[in-house]
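Here the structure comes first, spelled out in C-alpha cells, and everything after it is commentary.
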Protein chains: 2
Amino acid sequence: MALRHAVLAALLGGELSGYQLTKSFDLGVANFWHAQPQQLYAELTRLEKDGLIAGREVVQESRPNKRLFQVTDAGLTELADFTAAAAKPAFIRDDLLVKVQAADHVDTEALIAQLSERAAFAQGKLDLFDKLLRNMRGERTEDEFLRGGDPIGPYLTCLRGLAFERGNRDWCQRTITILRARARSSQQSI
Amino acid sequence: MALRHAVLAALLGGELSGYQLTKSFDLGVANFWHAQPQQLYAELTRLEKDGLIAGREVVQESRPNKRLFQVTDAGLTELADFTAAAAKPAFIRDDLLVKVQAADHVDTEALIAQLSERAAFAQGKLDLFDKLLRNMRGERTEDEFLRGGDPIGPYLTCLRGLAFERGNRDWCQRTITILRARARSSQQSI
DNA sequence: CTGTCCATGTAAATGGTTACATGATTTC
DNA sequence: GAAATCATGTAACCATTTACATGGACAG
C-alpha cells in the first residue's frame with residue numbers, strides 16, 4: 001500500500017489539486033512512483049477521510065473550482081512510520097525486456113523498432129529530468145546544492161530517475177547495435 | 001497481460017516445471033519480470049488450456065511427480081504477435097524512492113539504514129548476474145559472445161539487469177554520502 | 001526431530017488499468 | 001470549428017500479493 005505514501009510525499013512540496021497531482025504523476029515528474037488520474041482522485045478521497053491530508057475549496061471564475069490538499073500532522077506521522085518500516089525490493093517488470101528475452105525466436109526488425117522507440121522515450125525523459133534538476137538548483141553548482149540545498153528529497157529522486165533513463169537509453173542503443181551486427185553476419189553466412 | 005508472455009519467454013530455453021520456473025522468477029534470474037509462485041502455477045494452467053504450452057508428466061521416485069512444460073507452435077506465434085505490438089513504457093515504482101522523496105521530513109538515520117540495505121541487496125544481484133553472464137559466455141570474451149553467441153536474448157536482458165542493479169547500488173551509496181554530509185553540517189550549525 | 005527442499009495448488013484481499021461520463025474555457 | 005486544458009469522478013475488469021493448505025524426502 002505505497003500509493004498513499006507516494007501521494008503524501010508528493011504533497012510535501014506544497015498543496016496541490018487532484019489535477020495538478022495527476023500532471024506530475026503523469027509526466028514522470030514524480031519519477032518515484034507512477035499512477036493513473038483515477039487512482040489519484042480515489043486515493044485523495046481516502047486520505048482525506050482518514051485525516052492524513054486536508055483539502056480546501058478554491059473558487060475560480062473562468063474554470064472549474066478545485067480542491068487543494070495539504071499533508072496534516074497525522075499524515076506526517078504516517079509517512080514517518082512508513083519510512084521506518086522495511087522497504088520491499090523493487091523489481092523490473094518490463095514488456096520490452098520480455099521481448100528481448102525471446103530475441104532468438106522473434107523477428108529482429110520488430111524488436112529493433114521497439115528498442116528505438118524506447119530509446120527515444122528515455123532520451124525525452126533524460127532531457128526533462130535534466131531541466132528539472134537545473135531548475136531546482138538554480139544558480140548553484142550541483143555540489144553546492146547537494147551540500148545544503150533545500151528541499152533535497154526531490155533532487156535525489158530525480159537523480160535516480162535520470163540514471164535509470166540513461167541506463168535505459170544506453171542499453172537500448174547497445175542492444176540495437178548488437179542485434180544489427182548479428183543480423184548482418186547471419187545473412188552473410190546464408 | 002504480459003505475465004503470460006514472460007512465462008513463454010522463460011520456457012524458450014527448454015522445458016521447465018512450475019517449481020523450476022518459480023525458482024528463476026524468484027531469484028531474480030528472470031530479471032525481465034517478477035512473479036509469485038501462485039501466479040506462475042495459475043498462468044501455466046491457463047497457458048496449457050489455451051494450447052500455448054504443452055505439459056508432460058514426469059514420474060519420480062523419491063520426490064513428488066512433476067509436469068514439464070514447453071512452448072508449442074501456437075505459443076511461438078503468440079510471442080511473435082506480442083513482440084510486434086507496441087510495448088508500454090516501464091515506470092519505476094519503488095517504496096524506497098518514496099521515502100527519499102520525503103527525505104526533508106523524515107528521520108535521516110532510518111533512511112540511511114534502508115539505503116544501506118538496498119545497496120547490499122543490489123550488490124548481491126550484481127554478483128549473481130555477473131556469474132550468470134560468465135556462465136552463458138563460457139570461454140568466449142563478451143565481444144565474441146555478443147557477435148555470435150547463442151542464445152543471445154537471456155544474455156541481453158541479463159546485461160540490463162546488471163546495469164539496473166549497478167545504478168541502484170551507486171545511487172544508494174551516493175545518497176547515503178550526501179545525507180550524512182548534510183546531517184553533519186546541520187549539527188554544526190546548531 | 002526440526003528445518004529445508006521438492007511440488008502443487010485454492011481463496012481472499014488489495015492494487016492497478018481501461019473504459020466511460022460531463023462540461024466550461026481557452027488556444028489554434 | 002476542432003482540439004487541448006482544467007477539473008473530477010464511477011464502474012468494471014484484470015493483475016498481484018498475502019494467507020492458507022498438503023505431504024514425502026533428506027540433511028543437520
Side-chain angles (χ1 to χ4, degrees), chain A residues 1-8 15-27 30 32-50 53 55-69 82 85-95 98, chain B residues 1-8 15-27 30 32-50 53 55-69 82 85-95 98:
Chain A
M1 212 210 317
L3 170 60
R4 37 179 30 202
H5 304 108
V7 171
L8 286 173
E15 51 180 17
L16 292 175
S17 69
Y19 188 78
Q20 288 172 305
L21 253 193
T22 286
K23 287 291 131 186
S24 34
F25 274 71
D26 237 28
L27 284 171
F32 53 98
W33 205 263
H34 177 254
Q36 240 64 50
Q38 297 86 338
Q39 254 181 299
L40 294 173
Y41 283 112
E43 196 60 51
L44 285 172
T45 307
R46 253 173 283 153
L47 280 166
E48 194 182 21
K49 203 188 64 201
D50 296 347
I53 60 174
R56 65 181 184 92
E57 184 93 13
V58 174
V59 179
Q60 298 181 114
E61 299 220 326
S62 65
R63 22 197 86 208
N65 296 346
K66 61 181 171 184
R67 311 200 62 213
L68 295 182
F69 295 94
F82 171 70
K88 329 175 187 170
F91 295 105
I92 288 187
R93 218 175 242 161
D94 188 344
D95 276 19
V98 173
Chain B
M1 216 211 315
L3 170 60
R4 37 178 30 202
H5 304 108
V7 171
L8 287 173
E15 50 179 18
L16 291 175
S17 68
Y19 188 77
Q20 289 172 305
L21 253 194
T22 285
K23 289 290 130 183
S24 35
F25 273 71
D26 238 28
L27 283 170
F32 53 99
W33 205 263
H34 177 255
Q36 239 64 50
Q38 296 87 338
Q39 252 181 302
L40 294 173
Y41 283 112
E43 196 60 52
L44 285 171
T45 308
R46 253 173 284 154
L47 280 166
E48 194 182 21
K49 205 187 64 201
D50 296 348
I53 60 176
R56 66 182 182 91
E57 184 92 13
V58 174
V59 179
Q60 297 182 115
E61 300 219 326
S62 66
R63 27 196 81 208
N65 297 343
K66 61 181 171 183
R67 311 200 62 214
L68 295 183
F69 296 94
F82 171 69
K88 331 176 185 168
F91 296 105
I92 288 186
R93 218 176 240 162
D94 188 344
D95 275 19
V98 173

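In what follows, chains carry the letters A, B, and so on, assigned in the order in which the sequence lines appear, proteins first and then strands, with residues in each chain numbered from 1. The figures here come from the full heavy-atom set of this structure, side chains too, leaving out hydrogens, waters and symmetry mates.
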Fill in: Under 4.0 angstrom between A:Arg93 side-chain N/O and D:dT17 OP1 or OP2
yes
Taken to the nearest whole Å, CZ/A:Arg46 to C1'/D:dG9 is 13 Å
- Message: Any heavy-atom pair between the side chains of B:Leu44 and B:Arg67 that's under 4.5 Å?
- Response: no
When rounded to whole Å, the CG to C1' distance for the pair B:Leu40 and C:dT10 reads 16 Å
When rounded to whole Å, the OH to P distance for the pair B:Tyr19 and C:dT4 reads 12 Å
Of B:Glu61 and A:Phe69, the one whose nearest nucleotide on DNA chain D sits closer to the 5' end is A:Phe69
In whole angstroms, the gap separating C1' of C:dG16 from NZ of B:Lys88 amounts to 10 Å
(request) Could you go through the side-chain contact (heavy atoms from CB on, under 4.5 Å) check for A:Tyr41 and A:Thr22 one step at a time? (result) CA-CA 9 Å; A:Tyr41 283 112; A:Thr22 286; 4.2 Å; yes
B:Glu57 CD to C:dA7 P, in whole Å, measures 11 Å
Separation of C:dG15 atom P from A:Tyr41 atom OH, nearest Å, is 21 Å
Side-chain heavy atoms of A:Gln20 within contact of A:Leu68, under 4.5 Å:
yes
Task: Sugar-phosphate only, base, or nothing, as touched by A:Gln38 at under 4.0 Å among non-hydrogen atoms - done: base
Original post:
Does C:dG16 have OP1 or OP2 sitting under 4.0 Å from an N or O in the side chain of A:Gln36?
Top reply: no
Quiz item: So does B:Lys66 get a side-chain nitrogen or oxygen closer than 4.0 Å to the phosphate oxygens (OP1/OP2) of C:dG9?
Solution: no
Counting just side-chain N and O atoms, does B:Gln60 come under 4.0 Å of either OP1 or OP2 of C:dC6? no
Angle class for the A:Phe82/A:His5 ring planes (parallel below 30°, perpendicular above 60°, tilted otherwise)?
parallel
To the nearest angstrom, the CG-C1' distance between B:Leu21 and C:dC6 comes to 15 Å
At under 4.0 Å between heavy atoms, what does A:Arg4 touch on the DNA or RNA strands: base, sugar-phosphate, or nothing? nothing
* Look at the aromatic rings of A:Phe91 and B:His34 and report parallel, tilted or perpendicular, splitting at 30° and 60°. => parallel
Comparing nearest nucleotides in DNA chain C, the 5'-proximal residue of the pair A:Arg63, A:Met1 is A:Met1
- Short side-chain N/O contact to D:dC26 OP1/OP2 from B:Ser62, under 4.0 Å: yes
To the nearest angstrom, the CD-C1' distance between B:Gln39 and C:dA13 comes to 14 Å
Ranking D:dT16, D:dC6, D:dT8 by distance to the side chain of B:Leu3, first place goes to D:dT16
Comparing nearest nucleotides in DNA chain C, the 5'-proximal residue of the pair B:Ala42, A:Ala35 is B:Ala42
